[in-house]
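Here the structure comes first, spelled out in structure tokens, and everything after it is commentary.
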Amino acid sequence: MSRTMKLFEPIKIGNVELKNRLIQLPMTPELAENHHITERLIDFYAQRAKGGIALLTVGTVMVSDFYGTEPQYPSCADAVGIWSDEFIPEWKKFTSVIRESGAKSCCQLDLCYEWRRDGSHPLEAVGPSEGPGGPFVKQVRELTVEEIQIMVGHFGDGAGRAREAGFDMIQLHAGIGYMISRFISSYSNKRTDEYGGSLEKRMRFIQEIIADCQKKAGEDFPIMARISAEDFMPGGCTIEDTKKYVPILERAGIAALDIQVGFHEAPRPLVNEFVPDGAFVGLAHEVKKVVKIPVIAGYRINTVELAEQIVAQGKADMVGMARALVADPKFANKAREGRPETIRPCIVCSRCLDGTFICAGLRCTVNPELTWTGGEPAPGNKKVVIIGAGPAGMEAARIAAKRGHQVILFDKGSRLGGLLNMACILNEKLERLIRWYQQELAKLPIDIRLKTEVTPAVLEQMKPDEIIVAPGGEPIIPNVPGVNGKNVLGGFDMKKLIEGIPPKGGPLWRIAAVGAKQFAGNPSLMRKAMNCHWPVKRRLAVIGGGFAGCEVAMSMMKGREVTIIEESKRLGNDIGIINRATEMNILKTAGVRMETLTKVKEFTPAGVRVIKQDGSEDFIAADTVMLSLGVQENRKLYNQLAAKFNNVHLIGDAAGGNEIRRTREAIRDGYAIGMTI
């Protein structure tokens, strides 16, 4: 199949031939040290080059001096530099490794919202016109013409160094509301001189940059531009404006166009989980209609099938990916070899972006290898018992078995996945992850024993060398009157239901449990069943406004009156910066009632009695109450086993601790124990 795929036909950008049409989009993995590249950064890109990607773009390479500064925009603090010749030797090492790994390299020259002419000047927030900046940068001052011309020279110098360092091409970052795009956009450029006003004048800055890059790096050195096809800002560029200016870029010498969308501060979501797959491919197609140079489509393209469809149908010439390659560096090779089902799937949780956006480092929920620094362990030959087949237990089993350990994986449930089986009913993207684990574990010599509860007596007979306990966290249940009422569903009651266990007494619950168990293997049917108003009835109160509670409300709000009750003053405190605003807007638009600074006093058959911050009481009518307060440590089984056996390890949600514990932390724990036992 793969050998006839359009995705794996070669293509040229300028005079550089690429072996296929998959590129790694620019990203900032935050693996630099004082703006210099490190061995970890080189290895990050090398792994993806070895994985079959044709072109890798190093993101946010700063052309102006950032030494010793404290940028308002956090991402710049860990950006790599190219503003001095001192960077050239290390970049030469980088490009040599990428070339030896079978790929081409591209250096993205960039300035975001801040700049200084040299190290003797302070770093300032600047732009084409005085006005609001982007994220974290409240205000920018207007650049003088002299400063603009110095800035142009910085880009040109960066291009010359990039060529000397062995890069195959450069990219000018002219999108997402960064410096160049602020000149192009009528939203942010209000100048009345030669750099503002008409489209032609707004394009002068980037045209001068292109010319200076050609002068200092050579006209045969390919230059790409990464542009926003739509600004999604009031008075900003639309796709029709973009279709007018991209031919100007083509005539100026741009060799390819990498299409993104929006400004970072745009009011609509751009990349998070609420954006449909391939949502902006149509904009790339519109750009392709007016230029002859290659056009790259990106944003929310995570599967081989979608990528192939885009190039096969002529909507774009190439496909750019970022998060999909963070999740699985071997994406391209697995696709080319006709093994797309083995690709570890990105679940679009956006927690990678959450970290990089606030300078907390690049981490991935599904790929714990990304942050592993423990080295490669020796082959294993132990008997390892793992109790609990949730994400932590499955990952521990996978890694331990790959190392050669004899692994026995127990779970008292009927399916692999643990709480993921319940979570995927709320979030369909998690289905991909469960399927992947099922496939991967099936290929390994793992003795999987479901519907089995482990006791000390069983373990004494087995005589394992290592015992890994991954039972999941204990649901937090508030100690208030009425919490055991028939209309109150506790933390894991829905999990019991899909396992066929009635969470409450009575014949209707028994019938519901039988039906739920039949449909539990089909999450899409379960999602449809949630639209029925039983057992979760029409008026629903969700207790807890964190990530878990908001997820429940999002999934249950269709056709229901939903109220979220939260003790703190802010909903979604543990939701990352990329998703939170969008999620809150969706809930508000759907009419979900949000009661913050509100404490539950009592549950009744008719609803919830609450106490407000001012001490007043209120009553919230509800037919069903769902407790969504998260989980806490669960050490009961671990303590029981640790008293009898040596080498007992507790991982996953059950381990508790002060950090947020979700799927990422569970998989990380499983990987770490699998690598160290």
Non-hydrogen atoms of Arg662 and Asp574 that approach each other most closely | NH1-O, 3.0 Å
Got a sec: does the CD of Glu659 have more than 12 other heavy atoms crowding it under 6.0 Å?
-> yes
Full working for side chain to side chain contact (heavy atoms under 4.5 Å, CB included) between Phe603 and Ile543 = CA-CA 11 Å; Phe603 298 110; Ile543 312 302; 3.9 Å; yes
Donor-acceptor side-chain pairing of Glu273 and Asn579 below 3.5 angstrom = yes
Of Lys486, Arg560, Arg539, Lys537, the one forming a salt bridge (charged side-chain N to carboxylate O under 4.0 Å, His left out) with Asp623 is Arg539
Within 45° cone and under 6.0 Å: Arg300 NZ/CZ vs Phe280 ring = no
Taking atom types as modelled, find out whether Lys612 and Thr598 have a side-chain donor-acceptor pair closer than 3.5 angstrom.
-> yes
Apply side chain to side chain contact (heavy atoms under 4.5 Å, CB included) to the pair Leu441 and Ile448, showing each step before the final yes or no.
-> CA-CA 9 Å; Leu441 296 188; Ile448 299 174; 4.3 Å; yes
Examine the side chains of Thr582 and Asn272 and answer whether a donor and an acceptor come within less than 3.5 Å of each other.
-> yes
Check: His405 side chain, Lys382 main-chain N or O, donor-acceptor pair, under 3.5 Å | yes
Donor-acceptor under 3.5 Å (Asn647 side chain, Glu466 main chain) = no
Backbone N/O of Ile677 and side chain of Arg403: donor-acceptor pair under 3.5 Å = yes
Would you say Lys412 has more than 12 foreign heavy atoms packed within less than 6.0 Å of its NZ?
-> no
In terms of heavy-atom contacts, does CG of Asp614 have more than 12 from other residues, nucleotides or ligands at under 6.0 Å?
-> yes
Using 4.0 Å as the upper bound for N to carboxylate O, is an ion pair formed by Arg323 and Asp328?
-> no
Please check if the side chain of Lys504 supplies one atom and the backbone of Val488 the other of a donor-acceptor pair under 3.5 Å.
-> yes
Is there a donor-acceptor pair under 3.5 Å between the side chain of Asn421 and the backbone N or O of Leu416?
-> yes
Has the side chain of Asp354 got a donor or acceptor atom that lies under 3.5 Å from a matching backbone atom of Ile577?
-> yes
From Ile667 atom CD1 to Glu665 atom CD, the distance as rounded to the nearest 0.5 Å | 9.5 Å
Distance-only side-chain donor-acceptor flag, Ser568 / Glu566, under 3.5 Å | yes
Whether Arg449 side chain and Leu409 backbone form a donor-acceptor pair below 3.5 Å | no
What is the minimum heavy-atom distance between Thr28 and Thr356, and which atoms define it?
-> O-CG2, 3.5 Å
Rounded to the nearest 0.5 Å, how far does OG1 of Thr596 lie from CG of Leu571?
-> 6.0 Å
Ion pair check, Glu460 and Lys463, cut-off under 4.0 Å = no
Side chains of Leu426 and Met554 in contact at under 4.5 Å (non-hydrogen atoms) = no
Passes side chain to side chain contact (heavy atoms under 4.5 Å, CB included), Thr342 versus Gln439? Steps please.
-> CA-CA 8 Å; Thr342 66; Gln439 292 168 177; 5.6 Å; no
Does Arg609 make a cation-pi contact with Phe619, if we ask for NZ or CZ under 6.0 Å from the ring centre and within 45° of the axis?
-> no
For Glu369 and Tyr671, does a side-chain donor sit closer than 3.5 Å to a side-chain acceptor?
-> no
Look at atom CD of Gln461 and say whether more than 12 heavy atoms of other residues, nucleotides or ligands are closer to it than 6.0 Å.
-> no
Between Tyr113 and Tyr73, what is the ring plane arrangement, given parallel below 30°, perpendicular above 60°, and tilted in between?
-> perpendicular
Minimal non-hydrogen separation, Val562 against Met556, with atom names | CG2-O, 4.1 Å
Using a distance-only test with no angle check, is there a side-chain donor-acceptor pair under 3.5 angstrom linking Arg344 and Asn367?
-> yes
Minimal non-hydrogen separation, Ser628 against Val542, with atom names = OG-CG1, 3.9 Å
Mind listing the closest non-hydrogen atom pair of Ser414 and Leu450 along with its distance?
-> O-CD1, 3.4 Å
Is the number of heavy atoms from other residues, nucleotides or ligands within 6.0 Å of CD (Gln438) greater than 12?
-> yes
Rounded to the nearest 0.5 Å, what separation is found between the CD atom of Gln406 and the CE atom of Met462?
-> 7.5 Å
Verdict with supporting geometry, Leu540 and Val625, side chain to side chain contact (heavy atoms under 4.5 Å, CB included) | CA-CA 6 Å; Leu540 170 65; Val625 176; over 6 Å; no
Check: Asn427 side chain, Ala423 main-chain N or O, donor-acceptor pair, under 3.5 Å = no
Where the side chain of Asn634 meets the backbone of Gly472, is there a donor-acceptor pair that is under 3.5 Å apart?
-> yes
Lys443, NZ atom: more than 12 neighbouring heavy atoms under 6.0 Å | yes
Rounding to 0.5 Å, atoms OG1 (Thr455) and CD (Gln640) come to a distance of 8.5 Å
Drop me the distance from Glu431's CD to Ile425's CD1, to the nearest 0.5 angstrom.
-> 9.0 Å
Enter the distance from Leu430:CG to Thr365:OG1 here, rounded to the nearest 0.5 Å.
-> 9.5 Å
Of all heavy-atom pairs between Leu641 and Pro456, which one has the smallest distance, and what is that distance?
-> CD2-CG, 4.1 Å
Just wondering, are more than 12 heavy atoms of other shown residues or ligands nearer than 6.0 Å to NZ in Lys636?
-> no
Counting distance only, does the side-chain N/O of Arg661 pair as donor-acceptor with the main-chain N or O of Gly652 below 3.5 Å?
-> yes
